Amino acid sequence: MQQIVNFIIRNKTALLFLLLFGISLFLTIQSHAYHKSKFISSANFLTGGLYNTTHGIGQYFNLKDKNRQLVKENQRLRNLVFNLKLDTLNTLAIDSTLLGEYYRFTSAEVLKNSYSLSNNYLTINRGKKDGIKQDFGVITSNGIVGIVDNSSKNYATVLSVLSIKSRINAQLKKTNHIGSLVWDTKSPELVQLVDISKFAPVAVGDTIMTGGQSAIFPKGILIGKVENFSLDVGGDTYTINVRLFNDMTNIGHVYLIENFNASEIKALQNKADE
Amino acid sequence: MNSATINSILRFVALVLLQTLVLNHVNFLGYINPYPYILFIMLFPVGNNSTWFVFLAFLLGFCVDLFTDSGGIHAAACVTIAFVRPAILKFSFGTIYDYQSIKFHQTDLGSRLGYFATIILIHHLILFSLEVFNITNIILILKKTLFSSIFTILLCTIISILFSPKRK
């Protein structure tokens, strides 16, 4: 017993090192599992508050850009509203009469954004207080941004599409061939759409949008356009490089989408899996 | 609370804030960020309780992780360099270290640079290995390690020269 105690005292630095290294490895592995990064996130009181303060200073620098974006969006929405009667058959645009029933949009400001890591997160200034929960979709007027990962009382973190963890259901706009959106960490402007059937008529410049298969995003949210594409090694599916409409390096305001039917859809899908 | 302790606390807070609020957003050429917050570990007074030092390094890495939503990658890299620092000190400064009273601003620039470079390379290699977390992307890991290290070494050297006490 004496020897064990002596051993511990003699090697206490090494033992502490092993313990702390083990803890950090555990946290790292946990953060690489999808939706398991519960312990550490910047959505807490301290870091969220600090980001909020610095954002209050920094936001003035790109007001001009943000105004231009808002005017552009208003213009697009006005076009949509006044042309709605003539074009009721166009189901690709989000059907605005259904919005009240199925989806609720909340606006938020981005406090912190990153795009150089392999799993990138945004911190936004809305949290549980505003009804924000995990698995809400996040978009801007240009296209998708990510999915809410974690929320505290006043803040929430968003797992960006620029992440090796995220797999978002997406499809071609002109046909209904669906695939998954992933990221190869190479460039913040390009994401990859995989598992598109080789029978799909893909062409450079085609628009990619979200598919209706997930309970997170409504169908028809724009993502990007086809940059180039190649057949997979197996020869059955296309891997498409998609140039995002969003500039992921410059995101100010975002919208959060709550799908009121998400739990019902999920329960149904889980039942089907069993 | 002597002045050395207060100095360390101030340094800790200042470096974490500098790292997370400013330098994490540099993104030079898209992905190159400097990480000079480890100056805290590199310049921590020698001869202090090494167990306490390893714990402080963990805390430092943990704080940065908290801000960057990165799990425990900074914490892991920081405890490692804190643990191996005595060996690297001996390796870079030779006999002076044996007196346990090394003053970093009194060492010559060459050996100080070697000391910085060794620690920074180890730190960045662990950091990016854990961040990418995929051995098939070894080229990406090495590329990130190399470029970020150069950036960090430059910044660390500049900061340590700027903030060193005036020689009399």
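Proteins come first, then strands; the chains are lettered A, B, ... in the order of their sequence lines, and each starts at number 1. Small disclaimer: the values here were computed from a predicted structure and weren't measured.
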Selection residues 52-70 of chain A - residue pairs positive for salt bridge (Lys or Arg N to Asp or Glu O under 4.0 Å), sequence neighbours left out | A/D65-A/R68
Could you tell me the separation between the [atom1] atom of [X] and the [atom2] atom of [Y], rounded to the nearest 0.5 Å?
X      : Y      : atom1 : atom2 : value
B/I73  : A/L117 : CD1   : CG    : 6.5 Å
B/L130 : A/L25  : CG    : CG    : 6.0 Å
A/T13  : B/W52  : OG1   : CH2   : 13.5 Å
B/C63  : A/L46  : SG    : CG    : 8.0 Å
B/F83  : A/L18  : CZ    : CG    : 7.0 Å

Less than 4.5 Å apart, side chain to side chain, heavy atoms only: is that true for [X] and [Y]?
X      : Y      : value
A/N119 : B/F133 : no
B/V132 : A/T185 : no
B/N24  : A/K112 : no
A/L27  : B/D65  : no

Among B/V79, B/T68, B/L140, which has the most heavy-atom pairs under 4.5 Å with chain A?
-> B/V79
Less than 4.5 Å to any heavy atom of chain B: does that hold for the side chain of [X], its backbone, both, or neither?
X      : result
A/I23  : side chain
A/T123 : side chain
A/T54  : side chain
A/I164 : side chain
A/N113 : backbone

Is it the side chain or the backbone of B/F55 that comes within 4.5 Å of chain A heavy atoms, both, or neither?
-> both
Counting only heavy atoms closer than 4.5 Å, note whether B/H74 contacts chain A via side chain, backbone, both or neither.
-> neither
So, for B/F58 and A/S24, which heavy atoms are closest and what is the spacing to 0.1 Å?
-> CE1-OG, 4.1 Å
Nearest heavy-atom approach of B/N33 to A/S116 is ND2-OG, 3.5 Å
Using a cut-off of under 4.5 Å on heavy-atom pairs, state which of A/S187, A/A14, A/G48, A/G22 scores highest against chain B.
-> A/A14
Taken in chain and number order and not counting sequence neighbours, the residues that satisfy ring-ring contact (aromatic ring centres under 6.0 Å, His included) with A/F21 are A/F17
Is A/Y51 reaching over with its side chain to a backbone N or O of B/F67, donor-acceptor style, under 3.5 angstrom?
-> yes
Check: A/S118 side chain, B/E131 main-chain N or O, donor-acceptor pair, under 3.5 Å = yes
Taking atom CD1 of B/I135 as the centre, does the number of heavy atoms from other residues, nucleotides or ligands within less than 6.0 Å exceed 12?
-> no
